[in-house]
There are 2 protein chains.
Amino acid sequence: MISDIQQIRSFNREVTRRIGVLHHQFLGRNRPVGESRLLFEIGTVGKEVRALRTKLGLDSGYVSRLLRSLEKQGLVETVAAPRDARARVARLTLSGLKERQELDRRSDDAATSLLTPLDKNQRHRLLAAMAEVERLLGVGDLKISKEPADSPLANWCLAQYYAFLEDRFEEGYDPAQGQRTDSKEFSPPEGVFLVARRGMEPVGCGALKSAQPGIGEIKRLWVAKSTRGLGLGQQLLSALEKEARLLGMSAIRLDTNRSLTEAKALYLKNGYVEVQRFNDDPYPDFFFEKTLT
Amino acid sequence: MISDIQQIRSFNREVTRRIGVLHHQFLGRNRPVGESRLLFEIGTVGKEVRALRTKLGLDSGYVSRLLRSLEKQGLVETVAAPRDARARVARLTLSGLKERQELDRRSDDAATSLLTPLDKNQRHRLLAAMAEVERLLGVGDLKISKEPADSPLANWCLAQYYAFLEDRFEEGYDPAQGQRTDSKEFSPPEGVFLVARRGMEPVGCGALKSAQPGIGEIKRLWVAKSTRGLGLGQQLLSALEKEARLLGMSAIRLDTNRSLTEAKALYLKNGYVEVQRFNDDPYPDFFFEKTLT
DNA sequence: ATCATTATCTGACTTTAGTCAGATAAATAT
DNA sequence: ATATTTATCTGACTAAAGTCAGATAATGAT
């Protein structure tokens, strides 16, 4: 029987080898990898040089030299950044865009070539397994942190949350119909707003407010589709309960819609018990409460 | 909805990036990658330089130089090959072995570090998904070819096949008890022996012999555990039927044990129909025949 | 106005990863 | 015995990838 560690090492070896070969075959035509990476990273609308540097993790001098080389090839032009004339923005020229498109096309071809030997069922299995590996490898850098409840990040998460509800609720969802909450209620010292990130990307959120003295209420618990099944909902819930304890709350209540079966299961698993309806919000069907110990 | 190609590209990007970082953190301490690869490939018992060259796909001069560098560091020594004084064998010295062990340990640590953020269930899912990806990516280089039925390769496959039967049959399996077949029967012009490989590694086999004039018999159909679920059994069966047609056979018969449910399903799916027992071999429970068109 | 900081660029350098054309010596074929 | 082939090595070369120490110019802080 192959051990867990052997399985991982074998995966690492085989998969990187295979993808490396693929990359070489399809992309490694004539341009050094550094230049191709840069061409890609600049994107269709251009990007500041400092952004390129941090994103690719390269030395400033090195990036500069790569840009000069791409400029000489007529693929890139750099102009001063609009607000800060020290910084520069690199943009693709017309032929740079064409070149990037070509790289993009080849990258697609490389991806396609992995599917061609497979039948329909096998393709489906491969894609599912790839998604699973990618998701699970991402668990390591899930981080939960407090954010100002009125920050662009928090608002972005809320927009995702509302879109999700709109999609999931049989009756649709209109934020204006729901119970209105001022972002101040989710701010210290009354409450808190947590955002979960994978790397830089926000993938979940949750908010705590004070419902009555000593009783907290959890709202806006959202987990991005790409991150479901990784226990992030549980992590957020635990983190919110911890915050509630720190705020001296002795109980937490929350409500949920009948369509959100995973959420209901999560609450039950965490010792929440069903109670009488405690608001007249039209969306929730179930009301829960838990005493914090 | 993320497209298939986007999913694959995202997988390629994320997984290679992540494994690359890991590799760098754990292994990329102070030695160039080329030297580490060589250190690894030499193995604990030493290896001929030409083998190193072909295995790693490197230029002869380059390998030579890498070996000199490792020699200077006291990690490797080269001696003339026992039978051919032109060739040389590279062997690890004591400190070379230690160094390799250290690399091995770090590689294990790197693998382990992927598992640590996961709970038991997630670990299981990650490992399963990795195995699935690895297997399915390997489908592309499955190759079936004729082999001499008495070659070491064929015998290796047969040994695997017998071990599999021993493991699978309720009553165990002893090759000496089964119907005896001379390897000549599986050789042209009477029959054929096919071996399936993934890359270099043999992962399946199947044999065809002449049972009666114009009637072929398929024996020794084996698919390695690591390759099951990829349709290799089907490929081997189709290839054997094709060979039978080329040999002018008008029908094929075969037998199988009740424990080999996948095999039975495969035969039924391919139009084989159950017939009367046609031998007194103690192992088979079912007997099939198919008319070739 | 002055000073420190930030963003980029340039020149000079290094290491890594190779390639290629012989040179050398042993083995094999004739 | 001689010629050819094979396996390795050495010297001379190149390209890619990156590092580091200033130089320069714009910005922000005091």
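Worth knowing before you read on, the calculation uses all heavy atoms, side chains too, and leaves out hydrogens, waters and symmetry mates. The structure presented is a predicted model; accordingly, all values stated were derived computationally and were not measured. A, B, ... follow the sequence lines: proteins, then strands. Residue 1 opens every chain.
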Would you say [Y] and [X] are linked by a side-chain donor-acceptor pair, where the criterion is simply a distance under 3.5 Å?
X       : Y       : result
S69(A)  : R65(A)  : no
R197(A) : S145(A) : yes
Q73(A)  : E99(A)  : no

Measure up the F193(A) and F186(A) rings against each other and bin them: parallel (under 30°), tilted (30 to 60°), perpendicular (over 60°).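 Ring orientation of F193(A) relative to F186(A): tilted.
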Rounded to the nearest Å, what distance is computed from the [atom1] atom of residue [X] to the [atom2] atom of nucleotide [N]?
X      : N       : atom1 : atom2 : value
L67(A) : dA7(C)  : CG    : P     : 16 Å
R50(B) : dT8(D)  : CZ    : P     : 6 Å
E48(B) : dA7(D)  : CD    : P     : 9 Å
Y62(A) : dA15(D) : OH    : P     : 15 Å
R31(A) : dA16(D) : CZ    : P     : 11 Å
L56(B) : dG18(C) : CG    : C1'   : 14 Å
L66(B) : dT10(D) : CG    : C1'   : 14 Å
K47(A) : dA7(C)  : NZ    : P     : 16 Å

Side chain of [X] - closest among [options]:
X      : options                  : answer
R53(A) : dT10(C), dT8(C), dT10(D) : dT8(C)
A85(A) : dA26(D), dA26(C), dA7(C) : dA26(D)
T78(B) : dC9(D), dT19(C), dA7(D)  : dC9(D)
S60(B) : dC9(C), dT8(D), dA17(C)  : dT8(D)

Toward the 5' end of DNA chain C, which comes first, V49(A) or L58(B), by nearest nucleotide?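 Upstream on the strand: V49(A).
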Which part of the nucleic acid does [X] contact within heavy-atom distance under 4.0 Å: base, sugar-phosphate only, or nothing?
X      : value
G61(B) : base
D84(A) : sugar-phosphate
V63(A) : nothing

Could you grab the distance from atom CZ of F40(A) to atom OG of S107(A), nearest 0.5 Å is fine? 5.5 Å
Phosphate OP1/OP2 of [N] contacted by [X] side-chain N/O (<4.0 Å):
X      : N       : result
R68(B) : dT10(D) : yes
R88(B) : dC9(D)  : yes
R65(A) : dT10(C) : no
R86(B) : dT8(D)  : no

